[in-house]
*Asks:* 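One structure coming up, written as structure tokens, with questions to follow.
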There are 2 protein chains.
Amino acid sequence: MTSRDAILAAAQRCLNADARASMTDLATAAGVGRATLHRHFSTRDELLHELGTRSLDRWQQSMRGAGVAEAIASGQAGPIEACLRDLLSRYLADFDDFGFTLTDPYLRSAPDLMERTEQLSEEETALLAAGQRAGLLRADLDPRWLSSAVYGILVAARDAVTFGRIARRDLDEYVLVTFLEGTRAR
Amino acid sequence: MTSRDAILAAAQRCLNADARASMTDLATAAGVGRATLHRHFSTRDELLHELGTRSLDRWQQSMRGAGVAEAIASGQAGPIEACLRDLLSRYLADFDDFGFTLTDPYLRSAPDLMERTEQLSEEETALLAAGQRAGLLRADLDPRWLSSAVYGILVAARDAVTFGRIARRDLDEYVLVTFLEGTRAR
DNA sequence: CTCACATGAGACAGTCTTGTCTCAATCCCT
DNA sequence: AGGGATTGAGACAAGACTGTCTCATGTGAG
């Protein structure tokens with residue numbers, strides 16, 4: 001891990017905990033002098049922008065790695081479900097890098113990040129819509145709502161882990177089951 | 001609505017959009033001079049604290065209004081489900097006042113708010129646990145996870161409305177169905 | 001009309017933040 | 001060991017934020 005990466009990771013952690021963290025806070029958290037921090041990112045906005053870019057990269061990689069495009073093309077419930085499981089698992093694997101704090105507040109100011117977000121969001125929605133057509137997911141809900149629900153369940157996972165409500169190893173199972181099957185007893 | 005309430009409402013809106021908003025921003029958003037803002041809340045922390053208190057008040061009112069305690073006492077699936085529906089609907093009714101941005105970042109600094117949060121959270125978890133015992137909710141998930149899932153689905157709702165993905169009038173239905181039944185076709 | 005009161009504008013000092021710069025210490029490669 | 005690059009500490013100026021204060025304006029009740 002390069003020093004730059006370490007700084008970004010620390011900054012993400014810090015900013016997720018407190019969006020008001022100063023550059024000094026960020027440098028300290030990274031175990032680095034403030035001057036060094038500024039050597040890597042001349043401006044706070046530049047740091048934020050890179051953070052956003054990385055998050056979007058991760059998101060994109062997750063979708064590519066889970067084979068979203070192929071699953072959509074297949075149009076089959078089986079592959080789509082497998083893809084969805086894989087995708088959620090990947091999301092969960094780095095949901096602190098993924099930056100929930102980040103998703104909302106900073107992105108708005110950067111049109112390029114906004115556009116990419118929208119694009120990725122659409123691709124995810126396309127997967128969910130394909131799941132509906134294939135009979136995997138209920139079709140009486142707007143697929144864009146399903147996309148929001150995915151986001152929500154990830155926030156729930158983050159919340160649960162942060163407050164020590166569930167063990168990290170149970171996460172995948174809990175998230176998948178809750179998203180697909182809901183919470184009603186059967 | 002008193003001027004104080006108007007200021008609080010504007011501040012909440014503002015801070016949810018950007019936690020770094022300055023007192024000047026907050027005053028402007030409330031359509032009020034900065035001096036007046038300081039007349040009501042001598043300190044930023046004082047404003048934040050009051051905001052937190054109000055959110056917790058709302059939460060508490062929702063649970064009381066939905067009859068959480070009675071539902072738990074009944075131990076019956078029917079009343080518990082009705083209570084849960086009512087509760088979610090109440091949460092949704094004021095999820096901007098409810099302060100999602102607020103729940104995480106500011107609360108930590110105020111022990112009294114933290115404690116109240118924990119207490120309310122426990123009461124909500126108790127309802128969900130009662131739902132499990134009554135055979136309404138699946139019992140193979142930790143009730144504390146269910147509580148996180150409730151939080152997550154509310155974040156999803158907020159996200160969906162913010163980005164115009166679904167109409168507000170569909171919210172209750174979407175949230176309830178998704179939480180209870182999940183997203184799998186049947 | 002008048003007076004008490006609340007408000008907005010803005011001055012003000014103190015503090016914090018940001019971005020730049022310098023310098024000495026340290027590290028690493030040869 | 002020598003020499004170039006990187007680092008941390010810290011000085012520095014510019015600007016922003018906070019909290020306090022004053023004063024002129026405006027509003028409403030009596």
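Proteins get letters first, then strands, A, B, ... in listed order; numbering begins at 1 in each.
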*Asks:* Does either side chain, that of R165(A) or that of S148(B), offer a donor lying less than 3.5 Å from an acceptor on the other one?
*Replies:*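 Present: a donor and an acceptor within the cut-off.
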
*Asks:* Using atom CD1 of I7(A) as one end and atom P of dT6(D) as the other, report the distance to the nearest whole Å.
*Replies:*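 So the two atoms are 14 Å apart, to the nearest Å.
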
*Asks:* Do D18(B) and R20(B) sit within salt-bridge range, that is, some charged N less than 4.0 Å from a carboxylate O?
*Replies:* no

*Asks:* Starting at CZ of R4(B) and ending at C1' of dA6(C), how long is that distance when rounded to a whole Å?
*Replies:*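 One finds 15 Å between C1' of dA6(C) and CZ of R4(B), rounded.
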
*Asks:* Consider only side-chain N and O atoms of W145(A) and T178(B), and report whether a donor and an acceptor are under 3.5 Å apart.
*Replies:* yes

*Asks:* Would you check if there is a donor-acceptor pair between the side chains of E124(A) and Y91(A) at a distance under 3.5 Å?
*Replies:*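 Y91(A) vs E124(A): donor-acceptor pair found between side chains.
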
*Asks:* What does nucleotides 10-20 of chain C look like as a protein-contact string, B for base, S for sugar-phosphate only, - for none, at under 4.0 angstrom between heavy atoms?
*Replies:* BB-----SBBB

*Asks:* Answer yes or no: side-chain N or O of R39(B) and base N or O of dG8(C) forming a donor-acceptor pair under 3.5 Å.
*Replies:*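 Checked by distance alone, the answer is yes.
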
*Asks:* Identify every side-chain donor-acceptor pair in residues 65-86 of chain B under 3.5 Å, counting partners at least two apart or on other chains, and give the distances.
*Replies:*
residue : atom : partner : partner atom : Å
S74(B)  : OG   : A71(B)  : O            : 2.8
S74(B)  : OG   : Q76(B)  : N            : 3.1
E81(B)  : OE1  : R184(A) : NH1          : 3.3
E81(B)  : OE2  : R184(A) : NH2          : 2.9
D86(B)  : OD1  : R90(B)  : NE           : 3.0
D86(B)  : OD2  : R90(B)  : NE           : 3.4

